[in-house]
Each structure stands twice: as structure tokens, then as C-alpha cells.
Amino acid sequence: MRDEDDRRPDPATEAFLTHRGLLFTVAYEMLGSAVDAEDVLQETWLRWAGVDLDTVRDQRAYLVRITTRQALGRLRTLSRRKESYVGPWLPEPLLTAPDVAEDVELADSMSMAMMLVLETLAPVERAVFVLREVFDVGYDEIAEAVGKSQAAVRQIAHRARAHVAARRPHGAVSAAETRAALGAFQRAVETGDLRGLLDLLAPDVVALSDGGGVEQAMPRPIVGAGKVARALAAGVAVFGPKSTVEPAHINGHPALLMRIGGEIDMVVAVRIDDGLVTALYTVRNPEKLTHVERTTPVSR
């Protein structure tokens, strides 16, 4: 019995490990960066390790509060970093387990399309929206986390909900629709035949490519079905013959991984509104592909 007790983590470590998936997901949804979310968790642990647990009434709420505060500080730093980012900035993709899609609210909240919508919120608005709408945190706990009154938090939440509702994908999107669009993209890469994909593009479709100034990518968004089709044709001509494409679950949704020489070169995801592809996202920046080799646990 003594050996088993010796192997058990101390209470602070046990509580942190119990809620680690939740804390990572909170930080990631606030930041859009898995690397920065991991850094936030390190900072959260350092602060949590110094807390007298006898004074903590709700360990989960306390840990979420620390994580939120650390993520807010990091979010302001990230905002300055994005100002000098080369080309379009996209969230860092995560390889997630297939069962994440079963939690529809969680999967929708961390889709590439939704993460870009969250980018349009101010830092505190984003924190309030994520905590309230995704994790169902009480207004009193949110107020403590962001340093505002409950009345102010309620106003911020109302404003953030309206802002997001005006920008989030329209209509229910089924996994089958997403897989159909991605299947057409995969066939285009493998055969050079773009017709199936072009039929699914909305007239005002936008293509965003994130190379971070490290890998070749479109330097600015491309808008319109005709222009996007020409860009896709050029990309297929360059990458198609030397690449392999495989389906994956990225951020809780179907996506594609493109490999060149066995190494992941690109993540492809789409946004679908009313049955048509309204946005095509490709991430090539190698610094953002570190979390697509193995599954990242997320929870709420």
C-alpha cells in the first residue's frame, strides 16, 4: 500500500492532470495557437502549485480562472505578433480524436471557420464568449477571471454573441457535406480533375493560405470562384504529382493532410455555408504543423 501511495501524484498535481484537457482547450480557443496554449498551461501550473488547496472551494473553477488570466496576457502579446506576420494568419490546426465531433458544440467552437470568427473579437470579449458559450462558466466566475463586474460581463457576453452570430457559418453543416468537398479536393490533387471541386465553390469563396513566410503560400486572400479555381489548378499542377493526401479529423471536423516525401506539408480545411464551400484554408507553416502528427486531447 505504501508503494501505491508513493506512486500517486500529490493533490495539486492530480487536480491539474484531471482538468488538463479542459484547461488546454480553454487556452487554445482563446489563442488559436496550441504552442502558446501549452505555454499558458505551464504558467498555470506554476501558479497552481503555490496555492493552498485548503482555501480552494472549486478546483476546476480556480484552475480555469488562472488559465483565463494567463491566456489574456498571452493574447495581447499574440496580437502584436500577428501584426508583423507574413501573409494570412490561420489558427494552428489540431489533430483531434474522431469522437470530438460527437460533442457538436465543442467541435463547432474550435472549427477553423469559428476560430477565425473569434479572432475578430477583442481579448476580453473572446474570453467571455469562450467561457460562457463553450464551457458554460457562470457569470460570477467569468467576472473574477476577467476582472470585471457581473453586470459588465453580461453586457460583454451579449455583445460578443451578436458579433459572432453575424459572422459564423450559416445553416447546419453535416460531416457528409464537408467530406464531399474534401473528397473533391483530394480527387483534384490525385487526378488533376478539378470539375467536382469547382461545382462546390460558392461564387464569393475565399481561399486563405498560411505559410508564415517560411513556406510558399498565397500572400493574400484570393476571392471569387474563378480566381480560386485558377489558384487551385496551379497548386494541383505543382503539388499533385509528388504528394499523397489522407483524410483526418482536424479541430473536430473532417480535413485533409497532404504529405510530400512522407512528411506533412499541408493541412486543408473548408468552411461550408448552405451547402457550398465559402472558404478554403491551407496551413503550410511548419511551426503550425507540430500538433497534427498525434492526437491532442480536448474537452470541456
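Between the side chain of N251 and the backbone N or O of M110 there is at least one donor-acceptor pair closer than 3.5 Å. For K288 (side chain) and L90 (main-chain N/O), a donor-acceptor pair under 3.5 Å exists by modelled atom type. In this structure, R47 contributes its side chain and I66 its backbone to no donor-acceptor pair below 3.5 Å. Of the possible polar contacts, one joining the W48 side chain to the A12 backbone as a donor-acceptor pair under 3.5 Å is found. The backbone N or O of A202 lies less than 3.5 Å from no partner atom in the side chain of T278, so there is not a single donor-acceptor pair. Remark: the backbone N or O of G252 is paired with a side-chain donor or acceptor of T96 at under 3.5 angstrom. H253 places a side-chain N or O within donor-acceptor distance of the main-chain N or O of A107, the cut-off being under 3.5 Å.
Separation of atoms OG1 (T295) and CG (L95) is listed at 4.5 Å; rounding is to 0.5 Å. Between L78 atom CG and R81 atom CZ the span is 4.5 Å, to the nearest 0.5 Å. Distance check: T77 OG1 to R74 CZ gives 6.5 Å after rounding to the nearest 0.5 Å. Going from atom CG of D210 over to atom CD of E92 covers 10.0 Å, rounded to the nearest 0.5 Å. A distance of 10.5 Å separates CD in Q70 from CG in L41, rounded to the nearest 0.5 Å. Rounding to the nearest 0.5 Å places CD1 of I264 at 4.0 Å from CZ of R259.
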Item to check | Residue pair I250, L94: steps toward the side chain to side chain contact (heavy atoms under 4.5 Å, CB included) verdict | outcome: CA-CA 5 Å; I250 299 293; L94 300 178; 5.7 Å; no
Next on the checklist: Run L22 and V298 through side chain to side chain contact (heavy atoms under 4.5 Å, CB included) and show every step you take.
Outcome noted: CA-CA 6 Å; L22 162 71; V298 294; over 6 Å; no
Next on the checklist: Quick one, F16 with W45, criterion ring pair (Phe, Tyr, Trp, His ring centres under 6.0 Å). Give me CA distance, side-chain angles, the key distance, then yes/no.
Outcome noted: CA-CA 7 Å; F16 184 81; W45 163 248; 5.4 Å; yes
Next on the checklist: Checking R271 against V277 for the side chain to side chain contact (heavy atoms under 4.5 Å, CB included) test, could you report, in this order, the C-alpha distance in whole Å, the side-chain angles of both residues, the deciding distance, and whether it holds?
Outcome noted: CA-CA 6 Å; R271 168 174 171 163; V277 176; over 6 Å; no
Item to check | L53 vs Q59, side chain to side chain contact (heavy atoms under 4.5 Å, CB included): CA-CA, chis, key distance, verdict | outcome: CA-CA 8 Å; L53 297 189; Q59 293 181 343; 4.2 Å; yes
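The 12-atom threshold is not exceeded at CD of Q42, counting heavy atoms of other residues, nucleotides or ligands nearer than 6.0 Å. Annotation: E190, atom CD; neighbour count of heavy atoms from other residues, nucleotides and ligands within 6.0 Å is above 12.
Cation-pi geometry between R126 and F129 is not met at under 6.0 angstrom from the ring centre and within 45 degrees of the axis.
Residues V267 and V206 share a hydrophobic cluster, clusters being chains of Ile/Leu/Val/Met/Phe/Trp/Tyr side chains in contact below 4.5 Å. Hydrophobic clustering (ILVMFWY, side-chain heavy atoms < 4.5 Å, transitive): L208 and V283 are in one cluster.
Between R300 and D103 there is a salt bridge, since at least one side-chain N of the basic residue sits less than 4.0 Å from a carboxylate O of the acidic one. Using a cutoff of 4.0 Å between basic side-chain nitrogens and carboxylate oxygens, E38 and R20 are scored as salt-bridged.
Residues satisfying the ring pair (Phe, Tyr, Trp, His ring centres under 6.0 Å) test with Y139, not counting sequence neighbours, are none. Here Q150 pairs with nothing under the side chain to side chain donor-acceptor pair (under 3.5 Å) rule; sequence neighbours left out. Taking the ring pair (Phe, Tyr, Trp, His ring centres under 6.0 Å) definition, one finds that F24 meets it with nothing, sequence neighbours left out.
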Would you tabulate the side-chain donor-acceptor contacts of residues 193-200 under 3.5 Å, counting partners in other chains and residues two or more places apart, or write 'none'?
unit_1, atom_1, unit_2, atom_2, d
D193, OD1, R195, N, 3.0
D193, OD1, R195, NE, 3.1
D193, OD2, R195, NE, 3.4
D193, OD2, R195, NH2, 2.9

Report all side-chain donor-acceptor pairs from residues 212-234 shorter than 3.5 Å, counting only partners two or more places apart or in another chain.
none

Just distance, no hydrogens or angles: give the donor-acceptor pairs under 3.5 Å from side chains in residues 154-161, sequence neighbours left out.
unit_1, atom_1, unit_2, atom_2, d
R159, NE, E125, OE2, 3.0
R161, NH1, E133, OE2, 2.8

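For the 3.5 Å distance criterion, the side chains of S111 and D108 fail to qualify, holding no donor opposite an acceptor.
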